[in-house]
Structures are given as C-alpha cells and as structure tokens.
Amino acid sequence: MSSDTELAFFCLLIKQGSLVATARELNLTPPAVSRRLTQMEDRLGVRLLNRTTRRISLTHEGEIYYENALRILKEIEDMERRVSSTRFAPKGLLRVNAPLGFGRSYIAPAISDFAKIFPEVEVQLQLSDRPVNLPDEATDVVIRFGEIPDSRLIAQKLAANRRLLCASPLYLKSVGIPVMPHDLTAHQCIVIRQNEAAYGNWRLNLGEQVETIKVHGNLSTNDGEVALNWALDGQGILMRAEWDVAKYLRSGRLVQVLEQYSTPPADVYAVYLARLQDSPRVAYFLNHLKDYLAKHVDNLVQHRTLN
C-alpha cells in the first residue's frame, strides 16, 4: 500500500468513526480493515487508535498522524489540480468588483498570485464601496459581505467573517468601557453609511436575546478605511469586520468591547450570474480566492485562540 493510499485510508477511518462503517464504505470485511490498520501501526511502530468493532478513538500519536495526513492529502490535491490545469488553462477577460478596503488588503494580492499561475487570464479589478447590482455589463464577479437577497444570482461563500465592536485604549480610558448594549447610546460611535441599511442601527445578540441600538456620534462616513482610522485616532467605538481590525487587535491599538455579544454575520461571498457557472476562468479564480482567504482565516483563528 503506497503512502498516500495509507493516508487516505486512515482519514476515511476517522471520518467514518468505526471499523464496521469503514469496511462498508470500502466494500471490505471489518477484520480486513482491522488487519490493514494493524499493518500500518506495525510499520510505524506506534499505536494510532484505541478501537473496538463499534468505536474508535485517536491516540496521541494518532492525532499527530491524522492532522498531518489531512494536510499532506490537501497539498497533493492542490498540486494535482495545478498540474492538470496547465492542460486546460483558463483564458480571457475576467472583471471583478470588490469593496475598497477588503479589495486592497485581500482581493488585490490574491489576484496578483492568480495572475502568476494563469497568465492567460486578463483580470480587471474595480474597487468600490457602492454595491454593484448584477447583471452589469462591466462586471463578471462581485465580492460582497453578508447574505445575498437575490435568489436569481449564484452566491458562493468564500470565507467566514464577523463584525466586532472595538475602540482605541485612549478612547476607552477617557470615556469608559460599555458593559451592556444600551451603554452604547452614551458613547461616540463611528457609523459607516453604506448600502441601504438603516443608518446607525447596531444589532447585538446574546443567545436568543436580540437588541437593536440606535447609536450616534459626531463622525460618520461611507468609507470603511476612513472610519477605521478615526477609531485608531481615539474618536469612538467602531463596528467593523474582523478581517479589517484583527491586526490592530493583535497589536493593542484597538480593544474589542462587548465581546460576549455577536452581531449579524458578514461572510464573504462571490456573486455572479448563472450563465458564468461553467466558465473556467470564474471557477479557477474562485477556487484560488477560497484557498487564499483560507490561509488568512487560519491566522484569525490563531488570534482568537491566543486571546
């Protein structure tokens, strides 16, 4: 049995959760699956699983093996996809629209990497915080945050995203830290005027309890980067996507407040028309974007774990 076959077998075993289920999936008998696992353990010289016919659990060595097996199989899949793509490499013009701040920080670098892999695709990137409504003759793919209301469009989720409330330590030291959502009414809140959402209404959830707070402040803008810079300058409390504020939370330039409360999700979606569903350049581009953003999601998860 080759190494990659062993890895795939072990990952399937963990996914199925038992020798019997794995045997059924592989059209083998449970003793045959057990022998195959024993041969792996004998070759490695360690026990990978604690097992009965009904239930299995990973040993410490098994956890290490499983974690690395998933990573290696993913790398093999990526490598094979890239090698095979050279035969049917996408070509042509691809027009992408994305929000200003997120587009600069994440979409533009992802496109730069994409262009190195697929040089025959011409990508035109337009950045704007004014939402583009499809169909639009100048746009193929729109990157958006939050739920997509138009069911006639295809919306592919690229990455999870959440909004956080944060402010600079200087502001919180001078004004105080809000403890309850209603406390926000006594604070300077930096409001971003975008889309057609109700202006200055912040919705906070704690379990099934939902509170909508009408916030106020001396400063508002339609530009997310301007609002972020105001928050860094100590002008008030800001609600902003984790993707935009994570590095400032890590450095301590911003502090999260009311962190036990959640806000409406702002997951990252790619939106396009049904006629482009089978377009190779769209499919390859979205796969590339998902892989690129997944690396940054890992960084955000590590940040949450450390804090």
Side-chain angles (χ1 to χ4, degrees), residues 85 89-164 191-199 201 203 221-228 239-246 263-297 300:
S85 70
K91 303 176 183 179
L93 176 63
L94 180 65
R95 298 161 300 183
V96 181
N97 178 279
L100 280 168
F102 189 77
R104 291 192 197 105
S105 299
Y106 297 102
I107 303 302
I111 287 175
S112 182
D113 286 351
F114 180 79
K116 295 172 185 175
I117 303 169
F118 303 108
E120 294 189 64
V121 178
E122 177 190 348
V123 183
Q124 294 178 357
L125 174 63
Q126 180 186 32
L127 299 180
S128 170
D129 277 334
R130 197 172 188 84
V132 171
N133 294 318
L134 295 174
D136 182 298
E137 292 183 1
T139 307
D140 297 315
V141 177
V142 178
I143 309 300
R144 286 186 179 178
F145 296 104
E147 297 179 358
I148 309 301
D150 193 337
S151 59
R152 295 170 299 174
L153 303 175
I154 295 177
Q156 182 174 332
K157 184 176 176 179
L158 299 177
N161 187 29
R162 57 180 188 158
R163 297 180 176 96
L164 305 179
V191 180
I192 303 175
R193 297 172 178 262
Q194 286 180 343
N195 305 335
E196 297 176 357
Y199 172 69
N201 286 341
R203 198 164 84 240
T221 178
N222 68 337
D223 188 287
E225 191 167 343
V226 168
L228 177 57
M239 181 187 288
R240 193 67 180 153
E242 184 177 15
W243 289 82
D244 294 320
V245 300
T263 61
D267 295 337
V268 185
Y269 284 89
V271 184
Y272 52 97
L273 296 173
R275 63 178 174 80
L276 294 174
Q277 189 168 9
D278 297 323
S279 166
R281 59 184 179 275
V282 171
Y284 277 85
F285 177 66
L286 296 187
N287 284 335
H288 176 80
L289 260 189
K290 288 183 74 170
D291 290 344
Y292 183 90
L293 295 177
K295 298 174 185 175
H296 292 275
V297 169
L300 294 181

Point to revise | Close side-chain approach of Pro90 and Glu120, heavy atoms under 4.5 Å | key: no
Point to revise | Test log, rule side chain to side chain contact (heavy atoms under 4.5 Å, CB included), inputs Ile143 and Leu158 | key: CA-CA 9 Å; Ile143 309 300; Leu158 299 177; 4.0 Å; yes
Exercise for review: Measure across Pro109 and Arg104 and return the closest heavy-atom pair with its distance rounded to 0.1 Å.
Suggested key: CD-O, 3.5 Å
Review point. Is Lys91 salt-bridged to Glu122, going by a charged N under 4.0 Å from an acidic O?
Key: no
Check your understanding: Does the ring-ring contact (aromatic ring centres under 6.0 Å, His included) test come out yes or no for Phe145 and Tyr269, once each step is laid out?
Key -> CA-CA 6 Å; Phe145 296 104; Tyr269 284 89; 9.7 Å; no
Review point. Is there a side-chain contact between Leu125 and Ile107, using heavy atoms and a 4.5 Å cut-off?
Key: yes
Practice item. Find the distance between CG (Leu289) and CD1 (Ile111) and round it off to the nearest 0.5 Å. Key: 7.0 Å
Review point. Is there side-chain contact between Leu100 and Glu225, with heavy atoms separated by less than 4.5 Å?
Key: no
Practice item. Find out whether Gln126 and Val96 are in side-chain contact, i.e. whether some heavy atom of one side chain is under 4.5 Å from a heavy atom of the other. Key: no
Check your understanding: Nearest 0.5 Å, what's the OG-CZ distance between Ser279 and Phe285?
Key -> 11.5 Å
Exercise for review: Working to the nearest 0.5 Å, report the span between CG of Leu164 and CD of Glu242.
Suggested key: 5.0 Å
**Study point:** From CZ (Arg240) to CD1 (Ile192), nearest 0.5 Å
**Key:** 4.0 Å
Exercise for review: Spell out, as yes or no, whether a donor-acceptor pair under 3.5 Å connects the side chain of Asp140 to the backbone of Arg95.
Suggested key: yes
Review point. CG/Leu293 to NZ/Lys157 distance, rounded to the nearest 0.5 angstrom?
Key: 12.0 Å
**Study point:** Least distance between heavy atoms, Ser128 atom then Asn97 atom
**Key:** CB-ND2, 4.3 Å
Exercise for review: Heavy atoms only: give me the nearest Ala160-Trp243 pair and the separation to one decimal.
Suggested key: O-NE1, 3.1 Å
Exercise for review: Rounded to the nearest 0.5 Å, what's the gap from OH on Tyr106 to NZ on Lys295? Could you check?
Suggested key: 14.0 Å
Review point. Going by heavy atoms in the side chains, are Leu286 and Val141 under 4.5 Å from each other?
Key: yes
Exercise for review: Not counting sequence neighbours, which residues clear side-chain hydrogen bond (donor to acceptor under 3.5 Å, both in side chains) with Arg203? List them please.
Suggested key: none
Point to revise | Exercise: identify the closest heavy-atom pair between Arg144 and Val271 | key: CD-CG2, 4.2 Å
**Study point:** Asp113 side chain near His288 side chain, heavy-atom distance below 4.5 Å
**Key:** yes
**Study point:** Under 3.5 Å: donor-acceptor pair, side chain of Thr263, backbone of Arg163
**Key:** yes
Point to revise | Closest contact, heavy atoms only, Leu127 versus Gly103 | key: CD2-CA, 3.6 Å
Review point. Do Val121 and Tyr284 touch side chain to side chain, with heavy atoms closer than 4.5 Å?
Key: no
Review point. Any side-chain heavy atom of Tyr272 sitting closer than 4.5 Å to one from Val142?
Key: no
